[in-house]
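Remember, it's 1-based here, ligands and their atoms both numbered in the order they're listed.
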Amino acid sequence: MRYTAPPYMYDVLPYPSAKEPWLTTARWRAIERHFREMVMRAGYREIRTPILEPTELFKRSIGEATDIVSKEMFTFVDRGDRSLTMKPEGTAPAVRACIEHNLFTEHPLLKLYYIGQNFRYERGQKGRYRQHQQLGVEVFGATDAAVDAEVLALAMSFFTSLGVSCRLHINSVGTTDCRTRYREALKAYVEPSLANLSDEGQMRFKVNPLRMLDTKDQRDLAILAGAPALREFLSEESSLHFQQLQDYLTAIAIPFRIDDGLVRGFDYYSGTVFEIKGEGLGAQDALGGGGRYDGLVEECGGAAVAGLGFGIGMERCLLALEALGIAPNQEDEAPVAFIITAGSQQEVKTAAVKLLYSLRTAGIAADMDYQGKNFRRQFKRADDVGTRFYIIIGEDEAAKGTVQLKDRSSGEQREFDAESVAEALRTGRL
Ligand code: HAM
């Protein structure tokens, strides 16, 4: 029996695999670090929520008629007869946790970030998986359009500072009232051509008409080309907010385009919505997305607290970097020193083991061979792992309590007391 990862789920390995060379733990951590540093500079604090949440939370927040809730959730009944769902996204869990722990009352303006795994039973393809990781932020307690600009600017500068060029698409979906009026107008416009719409389009017409706009079907796009735009149905207040956001983005030199067809796949959005699209990524070009959800906290049982945020897809970010040939700034995983033993005397091996542990205790990354390799092959292994220094111990050295320290790049070599080699390694000088 040969087991494999579940469909459209993947392993993140320490070495590039033939299938997914872009997916390595070092790259993964580099992106996480980049994100963490950026959002912490802007005053965001980390929240971690469980993988599992009550199913009802997602039905209520994301909406029963959405693709995610109607057909993509990993849901099961636990041994205590509770319906639980593996989180498909991070916003509703953050809202649930803040209500549960009274964070909204104690911190009227709350800026949170998270890095977490999400699960959606999607039809998999490159860039679309059943388990994916999001890097996200949520801001609670501010309706000011300047905070919308901050959130959008953070998402954009995350990519631009990595060297990924991308486009920012924005729209406003207004208030519930605006959307109700628009929904009627859109349905009235589409109705005469309903029979020509794709099956999916016809289904959306019935259950979630705004989602008709989010299509790649050419026939549907042709029918919808002349449809009224949501923007024309915005209240004065929503229009003003949207205009203010555009003014702020212009002031901070973030280019954007208004996209009338941009409606997101969740029912909780109100006002600003946005998506960041990358180039050369094929159909799955959404690198990140988000928006405002001013009614969500109340919907989930909390007070009337405004909110907005975004989620960035880790895998899509790594794919975008790969397509551009950019390697993120990764941590050095090579050891500083690799201990090599000459001869097969047990005293030599014991001296090596002793030194290895004293180096590590002193905070120096060190390693040695455990496969009984001959002298030459130990050097090969040391080169393969990219060590900076070789430490060579033979019978003479073991007897005297010394070692030979050799700089791999310069070839320079000196004898040191085993006791003082840590200091030499720390300064990096022979
Ligand atoms: P979302 O647009 O569903 O939004 O996901 C955010 C990003 O996660 C997407 O733009 C994409 O890069 C990535 N993503 C989503 N699904 C997959 C998948 N199946 N495979 C690979 N990557 C994927 C949200 O989830 C919202 N919670 C974002 C948000 C936060 N809105 C407000 N606050």
Side-chain angles (χ1 to χ4, degrees), residues 7-10 12 20 22-23 31 35 39 44 47 49 53 57-58 61-63 66-69 71-74 86-96 98 110-140 147-148 150-152 154-156 158-159 164 166-170 173 211 214 262-278 281-297 306-321:
Y8 310 117
M9 296 192 182
Y10 49 79
V12 189
E20 280 141 347
W22 50 277
L23 195 57
I31 303 299
F35 177 75
V39 293
Y44 290 73
I47 183 165
T49 59
E53 293 282 349
L57 174 70
F58 298 116
S61 55
I62 299 174
T66 59
D67 287 354
I68 293 184
V69 171
K71 53 186 189 204
E72 292 174 359
M73 295 206 302
F74 282 87
M86 296 173 75
K87 63 177 165 188
E89 60 106 46
T91 308
V95 167
R96 193 267 311 138
C98 293
L110 193 56
K111 293 166 99 173
L112 304 176
Y113 80 89
Y114 50 81
I115 300 178
Q117 298 292 342
N118 301 290
F119 302 84
R120 298 180 189 176
Y121 200 91
E122 305 219 49
R123 254 180 299 157
Q125 54 173 274
K126 188 168 186 191
R128 191 160 72 189
Y129 308 99
R130 291 194 178 159
Q131 173 172 352
H132 74 276
Q133 173 152 314
Q134 280 186 32
L135 310 150
V137 307
E138 311 292 348
V139 183
F140 296 100
V147 86
D148 299 50
E150 165 168 318
V151 166
L152 269 63
L154 271 177
M156 282 302 280
F158 170 79
F159 289 108
V164 177
C166 45
R167 289 167 280 126
L168 173 61
H169 291 233
I170 62 171
V173 296
R211 298 280 310 144
D214 189 18
L262 176 60
V263 283
R264 307 247 316 128
F266 305 80
D267 285 353
Y268 55 59
Y269 289 115
S270 62
T272 310
V273 289
F274 72 98
E275 234 155 57
I276 294 177
K277 304 208 186 230
L281 291 176
Q284 303 308 310
D285 64 349
L287 292 171
R292 201 168 251 294
Y293 45 82
D294 289 346
L296 180 59
V297 178
L308 79 161
F310 68 70
I312 286 172
M314 168 66 96
E315 297 79 1
R316 291 191 193 172
C317 174
L318 288 170
L319 279 167
L321 288 168

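From the protein, the heavy atom lying nearest to atom 13 (C) of ligand 1 is G313 CA, 3.6 Å. Atom 7 (C) of ligand 1 has its closest protein heavy atom at G311 O, 3.5 Å. Closest to atom 20 (N) of ligand 1, if we only count protein heavy atoms, is Y129 N, 3.0 Å. Looking from atom 32 (C) of ligand 1 to the surrounding protein, the closest heavy atom is G309 O, 3.2 Å. Ranking the protein heavy atoms by distance from atom 24 (C) of ligand 1 puts F266 CZ, 3.4 Å first. Of the protein's non-hydrogen atoms, H132 NE2, 3.4 Å is the one closest to atom 15 (C) of ligand 1.
An N or O contact shorter than 3.5 Å is missing between Y293 and ligand 1 by distance. An N or O contact shorter than 3.5 Å is missing between I68 and ligand 1 by distance. Where the criterion is an N or O separation shorter than 3.5 Å, residue side chain and backbone included, Y269 meets it with respect to ligand 1. Considering backbone and side-chain atoms alike, Y114 places every N or O at 3.5 Å or more from each N or O of ligand 1. The shortest N/O to N/O separation between A286 and ligand 1 falls below 3.5 Å. Between E89 and ligand 1, an N or O atom pair is found at a separation short of 3.5 Å.
Set against the non-hydrogen atoms of G288, the atoms of ligand 1 under 4.0 Å away are 10 (O), 12 (O). Within the listing of ligand 1, atoms 19 (N), 20 (N) sit less than 4.0 angstrom from a heavy atom of R128. Less than 4.0 angstrom separates some heavy atom of G289 from each of these atoms of ligand 1: 10 (O), 28 (C), 29 (C).
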I would like to know whether K87 and F58 meet side-chain contact (heavy atoms from CB on, under 4.5 Å); could you show each step before the answer? CA-CA 8 Å; K87 63 177 165 188; F58 298 116; 3.7 Å; yes

Could you check F35 against L154 for side-chain contact (heavy atoms from CB on, under 4.5 Å), going step by step and ending with a plain yes or no? CA-CA 9 Å; F35 177 75; L154 271 177; over 6 Å; no

Just do the salt bridge (Lys or Arg N to Asp or Glu O under 4.0 Å) check on R120 and E89 with the steps written out, would you? CA-CA 9 Å; R120 298 180 189 176; E89 60 106 46; 5.8 Å; no

Mind running side-chain contact (heavy atoms from CB on, under 4.5 Å) on K111 and E150 for me, showing each step along the way? CA-CA 11 Å; K111 293 166 99 173; E150 165 168 318; 3.0 Å; yes

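The closest donor-acceptor contact from the side chain of Y129 to the backbone of G127 lies under 3.5 Å. The backbone N or O of R123 sits less than 3.5 Å from a side-chain atom of R128, completing a donor-acceptor pair. Side-chain atoms of Q131 do not come within 3.5 Å of backbone N or O of Y10 as any donor-acceptor pair. The closest donor-acceptor contact from the side chain of R316 to the backbone of A286 lies under 3.5 Å.
With a 4.0 Å cut-off on non-hydrogen atoms, F274 does not touch ligand 1 at all. Contacts between E138 and ligand 1, counted as non-hydrogen atom pairs separated by less than 4.0 Å, involve the side chain only. Under 4.0 Å from ligand 1, not a single heavy atom of L308 appears.
T91 and Y293 share no side-chain donor-acceptor pair at under 3.5 Å. When only modelled atom types and interatomic distance are considered, Q125 and Q284 share a side-chain donor-acceptor pair under 3.5 Å.
Within the set E122, Q134, R120, the minimum heavy-atom distance to atom 3 (O) of ligand 1 is found for R120.
The list of salt bridge (Lys or Arg N to Asp or Glu O under 4.0 Å) pairs with a residue in residues 285-297, not counting sequence neighbours, reads D148-R292, R292-D294.
Assignment of G127 to the shell around ligand 1 is supported, since a heavy atom sits closer than 4.0 Å. Close to ligand 1: R264, with a non-hydrogen atom less than 4.0 angstrom away. Using a 4.0 Å heavy-atom cutoff, G136 is absent from the residues neighbouring ligand 1.
Considering I47, V137, T49 in turn, I47 is the only one that fulfils the side chain to side chain contact (heavy atoms under 4.5 Å, CB included) rule with Y114.
The closest side-chain heavy-atom distance from L321 to W22 is not below 4.5 Å.
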